[in-house]
Amino acid sequence: MTARRTPFVNLEPGEDAAAVRVAIDRVLARGWFILGPEVAAFEMQFAAACGAPHAIGVGNGTDALALVLRAIGIGPGDEVITSPLSAAFTALAIAMVGARPVFADIDPDRLTLDPAAAAAAITPRTAGIMPVHLYGQAADMSAFVQIAQRHGLALIEDCCQAHLATCAGRPVGTFGVAGAFSFYPTKNLGALGDGGAIVTLDAALADRLRRLRNGGMATRDEHLEAGVNSRLDELQAAVLCARLPLLRGWTTRRRAIAAIYRAGLADAPVLVPPECDAGHVYHLFPIRSTERVALRAHLAAQGIDTLIHYATPIPRQPAFAATDPADCPIAARVCGEVLSLPLYPALGNDDTASVVAAVSSFPARRDAGVAR
Ligand SMILES: *Cc1c(COP(=O)(O)O)cnc(C)c1O
């Protein structure tokens, strides 16, 4: 037992505090709050960080996904295949454009959408596939690129948990038509509120997205199409510009913590999902146990906060129950077993040591962690 408390996340500015303050003051002094120089600068810098020629700042990650779908003409009557194990916002973005989310099961090791299951779910109505780079690890994109090409489908990447992640060395967001990012405060790159961005290699798509996010305006006086209001604002863009240069270092620290957990928990009575790609950026670090309730209570008693990502497969959420009767047994099982440990750059080595000690001292039944 120990008296120290390890919170699940810590959003207080740290090494970025001075730069964030300067950025906020700069925007206040300029008095320009929507679609100004900060958004333009952030779009250029974020695109470069993602290895893409274009980035478009938008209101949040959900809108980023929905705007891509809309911009490529996916809507009512269309189906988009996606993962049952994700934030429900992934599927909400599909529903927002009037299309139907279709859920295919996940790969039991990677925990991302299984390419074979996705291929088996293709129907004449399928218009796209939306893999989610979950917990910071890319989906198996070489397989999805092949499937999309073979069937003439659009690939839309949910990169909301995967800033700077790569798949076999190539940046996420550059495999399909576009990648959607969120800057929700807890993400690897977070704003002081909502924010999002789309990256794409396609200049014409980038222009269309810039118009759609701003009411469909082509010029000050002309609404070319009925767009939406989903703009990244100047204050958030300035904060993101201040933080982006620190993101590589933060990612390195996340990977170091993950390595400490992997080494420390190798013999613990839990299952640690394997690292399937070295480009993993460890947005989250879920472990698995068939005795999750007891494990969570055991950790809480030692001051360690945990969260569940995610407790329910999206097709089992009331909001989607009528949409798809899909049975995704692997996702259902994983939802019953995952427990995310604290993992963020400010977490110190004494914190990680107490997490390892607490998980290791869990008096599990012998088979609790080995179930697959
Ligand atoms: C956070 C998140 C979203 C939604 O992003 P918002 O900015 O909150 O709209 C979508 N998909 C995944 C996988 C996420 O983690």
Side-chain angles (χ1 to χ4, degrees), residues 8-9 11 42 46 55-70 80-97 99 101 103-104 106-107 110-113 128-139 141 144 155-165 167 172-173 176 178-199 209 213 228-233 236-237 239-240 243 254 280-286 307-315 317 319-320 331 334-335 338 340 343-344:
F8 186 73
V9 69
L11 297 178
F42 177 68
F46 190 65
I56 301 95
V58 297
N60 54 69
T62 310
D63 281 356
L65 289 165
L67 283 166
V68 171
L69 293 172
R70 181 160 167 202
V80 178
I81 298 167
T82 191
S83 176
L85 182 67
S86 181
F89 290 92
T90 305
L92 285 172
I94 297 168
M96 273 168 69
V97 299
F103 302 96
I106 57 171
D107 175 308
R110 217 167 170 118
L111 304 182
T112 49
L113 183 62
I129 305 180
M130 185 181 283
V132 180
H133 305 310
L134 192 72
Y135 306 141
Q137 179 163 257
M141 292 312 291
F144 283 115
L155 253 191
I156 307 100
E157 297 175 64
D158 183 338
C159 307
C160 290
Q161 301 189 356
H163 312 70
L164 301 189
C167 181
V172 298
F181 290 83
S182 167
F183 306 120
Y184 183 83
T186 60
K187 305 288 160 118
N188 288 23
L189 178 63
L192 301 182
D194 279 311
I198 300 154
V199 303
L209 287 164
R213 75 169 170 192
V228 298
N229 180 350
S230 184
R231 301 171 297 223
L232 181 66
D233 68 65
Q236 301 306 340
V239 169
L240 291 166
R243 289 178 166 173
R254 283 180 181 274
H280 200 321
V281 294
Y282 290 99
H283 173 57
L284 293 168
F285 195 93
L307 284 177
I308 296 169
H309 300 89
Y310 294 90
T312 307
I314 305 174
Q317 290 284 359
F320 290 99
V334 169
C335 284
V338 277
S340 302
L343 195 166
Y344 42 95

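Whatever order the structure lists them in is the order used to number ligands and atoms, beginning at 1.
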Of all protein heavy atoms, the one nearest atom 11 (N) of ligand 1 is D158 OD2, 2.8 Å
Check whether any side-chain heavy atom of S86 lies under 4.5 Å from a side-chain heavy atom of I314, and answer yes or no.
-> yes
Ring centres under 6.0 angstrom apart (Y135, H309):
no
Does the residue T90 have a heavy-atom contact with ligand 1, meaning some pair of atoms that are separated by less than 4.0 Å? yes
One finds that the ligand 1 atoms under 4.0 Å from a non-hydrogen atom of G61 are 5 (O), 6 (P), 7 (O), 9 (O)
re atom 4 (C) of ligand 1, the protein heavy-atom contact at minimum distance is T62 OG1, 3.5 Å
Restricting to heavy atoms, the pick from C160, S182, A191 nearest atom 7 (O) of ligand 1 would be S182
For V132, the atoms of ligand 1 under 4.0 Å from one of its heavy atoms are 13 (C)
Could you tell me whether the side chain of I198 reaches within less than 4.5 Å of the side chain of F181, counting heavy atoms only?
no
Discussion item. Is the distance from the ring center of F183 to that of F46 below 6.0 Å?
Written reply: yes
In short, A191 meets Q236 closest at the heavy-atom pair CB-OE1, 3.1 Å
For F89, does the CZ atom have more than 12 heavy-atom neighbours from other residues, nucleotides or ligands under 6.0 Å away? no
Under 4.0 Å from one or more heavy atoms of N60, ligand 1 contributes atoms 7 (O), 9 (O)
Can you tell me if Y184 has over 12 outside heavy atoms packed within less than 6.0 Å of its OH?
no
In ligand 1, the atoms that come under 4.0 Å of a heavy atom of S86 are 13 (C)
Filtering M130, K187, H133 for the heavy atom nearest atom 2 (C) of ligand 1 leaves K187
